[in-house]
Asks: 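Before we start, here is the structure in question, set down as structure tokens.
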Amino acid sequence: MRLSPRDCATELLEVVPLMMRVIRAEVRSNSSPELTMPQFRALAFLDRNEGAMLGDVANFLTLTLSAASKLVDGLVTADLVTRESDPADRRRIVLKLTTSGQKKFAAARQAAAGFLAERVENLSNDDRLQIMEAMQILQRAFSDEPPEINGHLPRGTRYRIAS
């Protein structure tokens with residue numbers, strides 16, 4: 001059977017949001033009450049984009065600078081994120097996960113991975129192989145997209161696609 005690119009796109013637009021809703025609900029139910037979903041997403045963004053600035057977080061979360069600043073303030077107060085001057089440009093303030101922030105994010109991510117493993121546990125090995133192959137194909141199809149930080153990487157950033 002031959003599928004058109006539009007058919008494939010339609011299926012992606014149905015399945016990806018469903019998966020994200022399920023994953024978000026699981027993360028919400030397994031994270032501590034003091035961590036909101038936007039805060040979790042900010043931690044995930046900073047894990048992928050070490051040295052991002054407040055504007056980068058605001059753009060990623062589609063928040064105003066003021067709202068993003070309040071969100072980051074909460075993460076700083078909770079000792080999950082630090083604000084530091086960039087040694088190369090002291091006018092630039094970069095955001096980084098603290099050790100606590102890395103641990104909290106890793107724990108939430110691990111819980112989500114465990115949940116997803118349970119969901120695919122009863123699939124046949126062939127189905128799981130097909131999922132893995134499809135994810136690799138999608139990663140290749142979308143890996144030419146620019147990084148999440150204004151289309152470029154800050155100096156010294158380790159950019160990686162979320163795994």
Asks: With side-chain contact (heavy atoms from CB on, under 4.5 Å) as the test, would you mind laying out the steps for F142 and L138 before giving the verdict?
Replies: CA-CA 6 Å; F142 291 96; L138 288 171; 3.9 Å; yes
Asks: Less than 4.5 Å apart, side chain to side chain, heavy atoms only: is that true for I93 and D86?
Replies: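 Of all side-chain heavy-atom pairs linking D86 with I93, none is under 4.5 Å.
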Asks: Please test Q139 against M135 for side-chain contact (heavy atoms from CB on, under 4.5 Å), starting from the C-alpha separation and ending with a verdict.
Replies: CA-CA 6 Å; Q139 187 171 17; M135 294 301 103; over 6 Å; no
Asks: Is the shortest heavy-atom distance from the side chain of R48 to the side chain of F60 under 4.5 Å?
Replies: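 Counting from C-beta outward, R48 and F60 do come under 4.5 Å.
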Asks: T98: which residues meet the side-chain contact (heavy atoms from CB on, under 4.5 Å) condition with it, sequence neighbours left out?
Replies: D79, T82, S100
Asks: Output all residues satisfying salt bridge (Lys or Arg N to Asp or Glu O under 4.0 Å) with K96, sequence neighbours left out; order by chain, then residue number.
Replies: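 So K96 forms a salt bridge (Lys or Arg N to Asp or Glu O under 4.0 Å) with E84.
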Asks: Less than 4.5 Å apart, any side-chain heavy atom of L97 and any of D47?
Replies: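 Heavy-atom side-chain distance check passes, below 4.5 Å.
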Asks: Determine which pairs satisfy side chain to side chain donor-acceptor pair (under 3.5 Å) with at least one residue from residues 14-24, sequence neighbours left out, and list them in order.
Replies: none
Asks: Any pair with a residue in residues 129-138 that passes salt bridge (Lys or Arg N to Asp or Glu O under 4.0 Å), sequence neighbours left out, goes on the list, sorted by first then second residue, please.
Replies: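 Every candidate salt bridge (Lys or Arg N to Asp or Glu O under 4.0 Å) pair involving residues 129-138 fails, so no pair, neighbours aside, qualifies.
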Asks: State which residues pass side chain to side chain donor-acceptor pair (under 3.5 Å) with D7; sequence neighbours excluded, sorted by chain then number.
Replies: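 So D7 forms a side chain to side chain donor-acceptor pair (under 3.5 Å) with S4.
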Asks: Closer than 3.5 angstrom, by distance alone: can the side chain of N59 be matched with the main-chain N or O of D56 as a donor-acceptor pair?
Replies: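 Not confirmed, N59 side chain does not pair with D56 backbone.
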Asks: Using the rule that two of Ile, Leu, Val, Met, Phe, Trp, Tyr join whenever any of their side-chain heavy atoms come within less than 4.5 Å, decide whether V94 and V76 are in one cluster.
Replies: no
Asks: Walk me through it: do F45 and L61 pass the test side-chain contact (heavy atoms from CB on, under 4.5 Å)?
Replies: CA-CA 9 Å; F45 177 80; L61 296 175; over 6 Å; no
Asks: Side chains of F115 and V22, heavy atoms from C-beta outward: is any pair under 4.5 Å?
Replies: yes
Asks: Mind checking what makes salt bridge (Lys or Arg N to Asp or Glu O under 4.0 Å) contact with R91, not counting sequence neighbours?
Replies: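 With sequence neighbours excluded, R91 shows a salt bridge (Lys or Arg N to Asp or Glu O under 4.0 Å) to D89, given in chain and number order.
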Asks: Spell out, as yes or no, whether a donor-acceptor pair under 3.5 Å connects the side chain of Q110 to the backbone of A107.
Replies: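 Not confirmed, Q110 side chain does not pair with A107 backbone.
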Asks: State, yes or no, whether a side-chain contact exists between L95 and M53 at a heavy-atom distance under 4.5 Å.
Replies: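 Side-chain contact under 4.5 Å: no.
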Asks: Is M20 close to V16 at the side-chain level, that is, under 4.5 Å between some pair of heavy atoms?
Replies: yes
Asks: Which residues pass the salt bridge (Lys or Arg N to Asp or Glu O under 4.0 Å) test with D73, not counting sequence neighbours?
Replies: R83
Asks: Hey, what else clusters with L3 if you join Ile, Leu, Val, Met, Phe, Trp, Tyr whenever side-chain heavy atoms sit under 4.5 Å?
Replies: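 Direct or chained contacts put L3 with M1.
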Asks: Sequence neighbours excluded, which residues qualify as side-chain contact (heavy atoms from CB on, under 4.5 Å) partners of L123?
Replies: V120, D127, R128, I131
Asks: Please go through M19's hydrophobic cluster and name the other residues, only I, L, V, M, F, W, Y counting, with side-chain heavy atoms under 4.5 Å joining them.
Replies: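 Members alongside M19: V15.
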Asks: Give a yes or no on whether the backbone of S66 and the side-chain of S69 come within a donor-acceptor separation of less than 3.5 Å.
Replies: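 No: the side chain of S69 does not pair with the backbone of S66.
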Asks: According to a 4.5 Å side-chain heavy-atom criterion applied to Ile, Leu, Val, Met, Phe, Trp and Tyr, with indirect links allowed, do L129 and L116 form part of one hydrophobic cluster?
Replies: no
Asks: What closest approach, in Å, do S85 and R90 show between heavy atoms, and which atom pair accounts for it?
Replies: OG-O, 3.9 Å
Asks: When Ile, Leu, Val, Met, Phe, Trp and Tyr are grouped by side-chain heavy atoms lying under 4.5 Å apart, directly or through other members, which residues fall in the same group as I137?
Replies: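 So far as hydrophobic clustering goes, I137 is joined with none.
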Asks: Got a second to check how far L54's CG is from L71's CG, nearest 0.5 Å?
Replies: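 L54 atom CG to L71 atom CG measures 9.5 Å (nearest 0.5 Å).
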Asks: Is M132 atom CE crowded by more than 12 heavy atoms from other residues, nucleotides or ligands, each under 6.0 Å away?
Replies: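 For M132, atom CE is not crowded (no more than 12 foreign heavy atoms under 6.0 Å).
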Asks: Show the nearest heavy-atom pair for residues L43 and G101, with the distance to one decimal.
Replies: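 Where L43 meets G101 most closely, the heavy atoms are CD1-O, 4.5 Å.
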Asks: Side chain to side chain donor-acceptor pair (under 3.5 Å) with T64: which residues, sequence neighbours excluded?
Replies: none
